[in-house]
Trainee: 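Quick one: this structure, given as structure tokens, is what I'll be asking you about.
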Amino acid sequence: MWVIAGLGNPGNKYVGTRHNIGFKVIDRISEEYNIRLEEKDIYIIGKGAIEGVDVILLKPITFMNRSGLAVKKVVKEANIFPDKISNSLIVVHDDLDINVGNIKIRRNGASGGHRGVESIIQELGAKDFIRVKVGIGRDKDIATEEYVLTNFKPSEKNLIKDVIINTSHAVACIVTEGVDKAMNKYNRIVV
């Protein structure tokens, strides 16, 4: 059983923002594998399978900085014990230090300043989970807190559609073929 959490912020105000790319990836996986999502408590959740492997799709609706509350609750309900998190939890999130259109898969590590990831680390008491980072780039003229809440530029729209598809395929590859295979295949994509 895998828990695949895509990070973002709830509400129409944030739908197209850079910070919500994790939600977009979960929506794509949901569509592609016919996994119905429904709102419950502090998250949107769907249970199904990716090529025969059981998964739980998760969109925390606690706002980014409190994502760990929802992830912890679902991980606990799925009976994923701390020593199994490294092979049972994938977190998809935006990354300012990766160019728009690129993704990077990591096995574990620090939060890198991402508050949603930091919340998950604090709530779980562990950082040994897989991250699929989706590049949103930076704009040196806009403060980080403001930039992550901007919409993608019209010139980036097609690139974002492609990266959402690539990211959903990368997640499926992790689940079905393992993280090493996914890293070899998808960390090399340069757009």
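Quick note: residue numbers are just sequence positions, from 1. Computed from heavy atoms alone, side chains included, the values below leave out hydrogens, waters and symmetry copies.
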Trainee: Leu96 versus Val148: any side-chain heavy-atom pair under 4.5 Å?
Mentor: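 Leu96 reaches Val148 side chain to side chain.
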Trainee: Answer yes or no: does atom NZ of Lys157 have more than 12 heavy-atom neighbours from other residues, nucleotides or ligands under 6.0 Å?
Mentor: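 Count over threshold, so yes.
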Trainee: Between Asp95 and Lys104, is there a salt bridge with N-O shorter than 4.0 Å?
Mentor: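 No.
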Trainee: With a 4.5 Å cut-off on side-chain heavy-atom distances among I, L, V, M, F, W and Y, is there a chain of contacts connecting Trp2 to Val75?
Mentor: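 The answer is no; the residues belong to distinct hydrophobic clusters.
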Trainee: For a side chain to side chain contact (heavy atoms under 4.5 Å, CB included) with Val132, tell me which candidate from Val179, Val91, Ile174 qualifies.
Mentor: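 Result for side chain to side chain contact (heavy atoms under 4.5 Å, CB included) with Val132: Ile174.
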Trainee: Starting at NE2 of His93, measure out to CD1 of Ile136 and round the result to the nearest 0.5 Å.
Mentor: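 These two atoms lie 10.5 Å from each other.
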Trainee: Work out which heavy atom in Val117 is nearest to a heavy atom in Leu7; give both atom names and the distance.
Mentor: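 Distance-wise, the nearest heavy atoms are N-CD1, 4.0 Å.
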Trainee: Crowded around Arg115 CZ? As in, over 12 foreign heavy atoms under 6.0 Å?
Mentor: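 For Arg115, atom CZ is not crowded (no more than 12 foreign heavy atoms under 6.0 Å).
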Trainee: Determine whether a donor-acceptor pair (N or O, by modelled atom type, separation under 3.5 Å) exists between the side chain of Ser88 and the backbone of Ile85.
Mentor: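 Side chain of Ser88 to backbone of Ile85: no pair is present.
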Trainee: List the steps and the verdict of side-chain contact (heavy atoms from CB on, under 4.5 Å) for Glu32 and His169.
Mentor: CA-CA 10 Å; Glu32 194 165 338; His169 292 166; 3.4 Å; yes
Trainee: Hey, what's the ring geometry for His19 with His114, parallel, tilted or perpendicular (30° and 60° as the breaks)?
Mentor: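 If you compare the ring of His19 with that of His114, the planes turn out tilted.
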Trainee: Kindly work out whether a path of hydrophobic side-chain contacts (I/L/V/M/F/W/Y, heavy atoms less than 4.5 Å apart) joins Val15 to Ile29.
Mentor: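 No; tracing contacts between hydrophobic side chains, which count when under 4.5 Å, never links both residues.
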Trainee: Give a yes or no on whether the backbone of Ile105 and the side-chain of Asn187 come within a donor-acceptor separation of less than 3.5 Å.
Mentor: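 Between the backbone of Ile105 and the side chain of Asn187 there is a qualifying donor-acceptor contact (under 3.5 Å).
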Trainee: Heavy atoms, side chains only, cut-off 4.5 Å: are Leu37 and Asp27 in contact?
Mentor: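 Result yes, sub-4.5 Å side-chain heavy-atom pair found.
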Trainee: Which atom names give the shortest non-hydrogen contact between Arg138 and Thr144, and what distance separates them?
Mentor: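 Heavy atoms of Arg138 and Thr144 come nearest at NH1-OG1, 3.7 Å.
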Trainee: Could you tell me whether Glu156 and Arg18 make a salt bridge, using a distance below 4.0 angstrom between a side-chain N and a carboxylate O?
Mentor: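 Arg18 and Glu156: salt-bridged.
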Trainee: Working to the nearest 0.5 Å, report the span between OG of Ser86 and CD1 of Ile80.
Mentor: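 Going from OG on Ser86 over to CD1 on Ile80, the span is 11.0 Å.
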Trainee: So does Asp83 have more than 12 non-hydrogen atoms from other groups sitting under 6.0 Å from CG?
Mentor: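 Yes - once you tally the heavy atoms of other residues, nucleotides and ligands closer than 6.0 Å, there are more than 12.
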Trainee: Once rounded to the nearest 0.5 Å, what's the spacing between atom CG of Asn20 and atom CZ of Phe23?
Mentor: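 So the CG of Asn20 and the CZ of Phe23 are separated by 5.5 Å.
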Trainee: Would you say Lys161 and Asn158 make side-chain contact, with heavy atoms under 4.5 Å?
Mentor: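 They are in side-chain contact.
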Trainee: Is Val134 close to Val92 at the side-chain level, that is, under 4.5 Å between some pair of heavy atoms?
Mentor: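 With C-beta onward as the side chain, the pair touches.
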Trainee: Do side-chain atoms of Arg131 reach the backbone of Gly109 as a donor and acceptor pair under 3.5 angstrom?
Mentor: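 Side chain of Arg131 to backbone of Gly109, a donor-acceptor pair under 3.5 Å: yes, one is there.
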Trainee: Between Arg106 (side chain) and Asn108 (backbone), is there a donor-acceptor pair under 3.5 Å?
Mentor: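 Confirmed, Arg106 side chain pairs with Asn108 backbone.
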Trainee: Quick one, Phe152 and Thr17 - any side-chain contact, counting heavy atoms below 4.5 Å?
Mentor: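 No, side chains not in contact.
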Trainee: Starting from Phe63, can I reach Ile45 by hopping between I/L/V/M/F/W/Y residues whose side chains sit under 4.5 Å apart?
Mentor: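 No: no chain of side-chain contacts under 4.5 Å links Ile45 to Phe63.
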Trainee: Indicate yes or no: at least one non-hydrogen side-chain atom of Ile160 is less than 4.5 angstrom from one of Ile21.
Mentor: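 Yes - at least one pair of side-chain heavy atoms lies under 4.5 Å apart.
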Trainee: Do Val74 and Leu89 belong together in a cluster built from hydrophobic side chains that touch within less than 4.5 Å?
Mentor: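 Yes: a chain of side-chain contacts under 4.5 Å links Val74 to Leu89.
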Trainee: Side chains of Leu149 and Asn9: does their closest heavy-atom pair fall under 4.5 Å?
Mentor: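 In contact.
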Trainee: Have a look at Ile4 and tell me which of Val175, Leu58, Ile56 forms a side chain to side chain contact (heavy atoms under 4.5 Å, CB included) with it.
Mentor: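 So the option named by the test is Val175.
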Trainee: Would you indicate whether the side-chain heavy atoms of Lys127 and Ile120 approach each other to under 4.5 Å?
Mentor: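 A side-chain contact under 4.5 Å is absent here.
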Trainee: Quick check against the 3.5 Å criterion: does Tyr43 have a side-chain atom that pairs as donor or acceptor with the backbone of Glu38?
Mentor: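 It does not hold such a pair.
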Trainee: Identify the two heavy atoms, one from Tyr186 and one from Cys173, that lie closest to each other, and give their separation to 0.1 Å.
Mentor: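 The answer is CE1-CB, 4.0 Å.
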Trainee: Less than 4.0 Å between a side-chain N and a carboxylate O, is that true for Lys47 and Asp54?
Mentor: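 The answer is no: the pair does not qualify as a salt bridge.
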Trainee: Could you pull out the closest heavy-atom pair between Val71 and Pro60, with the gap in Å?
Mentor: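 Of all heavy-atom pairs spanning Val71 and Pro60, the closest is CG2-CG, 4.3 Å.
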Trainee: Check for a donor-acceptor pair, side chain of Arg66 on one end and backbone N or O of Met64 on the other, with a separation under 3.5 Å.
Mentor: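 No, because the side chain of Arg66 does not come within donor-acceptor range (under 3.5 Å) of the backbone of Met64.
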Trainee: Heavy atoms only: give me the nearest Ala5-Ile26 pair and the separation to one decimal.
Mentor: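 Taking Ala5 first and Ile26 second, the nearest heavy atoms are C-CD1, 4.2 Å.
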Trainee: Transitively linked via ILVMFWY side-chain contacts under 4.5 Å: Ile164 with Ile44?
Mentor: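 Shared cluster, yes.
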Trainee: Between Arg107 and Asp128 (salt bridge meaning N to carboxylate O under 4.0 Å), is one present in this structure?
Mentor: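 No.
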Trainee: Enter the distance from Ile42:CD1 to Lys40:NZ here, rounded to the nearest 0.5 Å.
Mentor: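 These two atoms lie 13.0 Å from each other.
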Trainee: Ignoring hydrogens and angles, tell me if any N or O in the side chain of Ser119 forms a donor-acceptor pair with the backbone of Gly68 under 3.5 Å.
Mentor: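 Looks like yes, one N/O pair under 3.5 Å.
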Trainee: Which heavy atom in Ser111 sits nearest to a heavy atom in Ile121, and how many Å separate them?
Mentor: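 Scanning both residues, the minimum pair turns out to be N-CD1, 3.9 Å.
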Trainee: Which value, rounded to the nearest 0.5 Å, describes the distance between Arg28 atom CZ and Glu31 atom CD?
Mentor: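 Going from CZ on Arg28 over to CD on Glu31, the span is 6.5 Å.
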Trainee: Mind checking the OG1-CD spacing from Thr62 to Glu123? Nearest 0.5 Å is all I need.
Mentor: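 The OG1 atom of Thr62 sits 9.5 Å away from the CD atom of Glu123.
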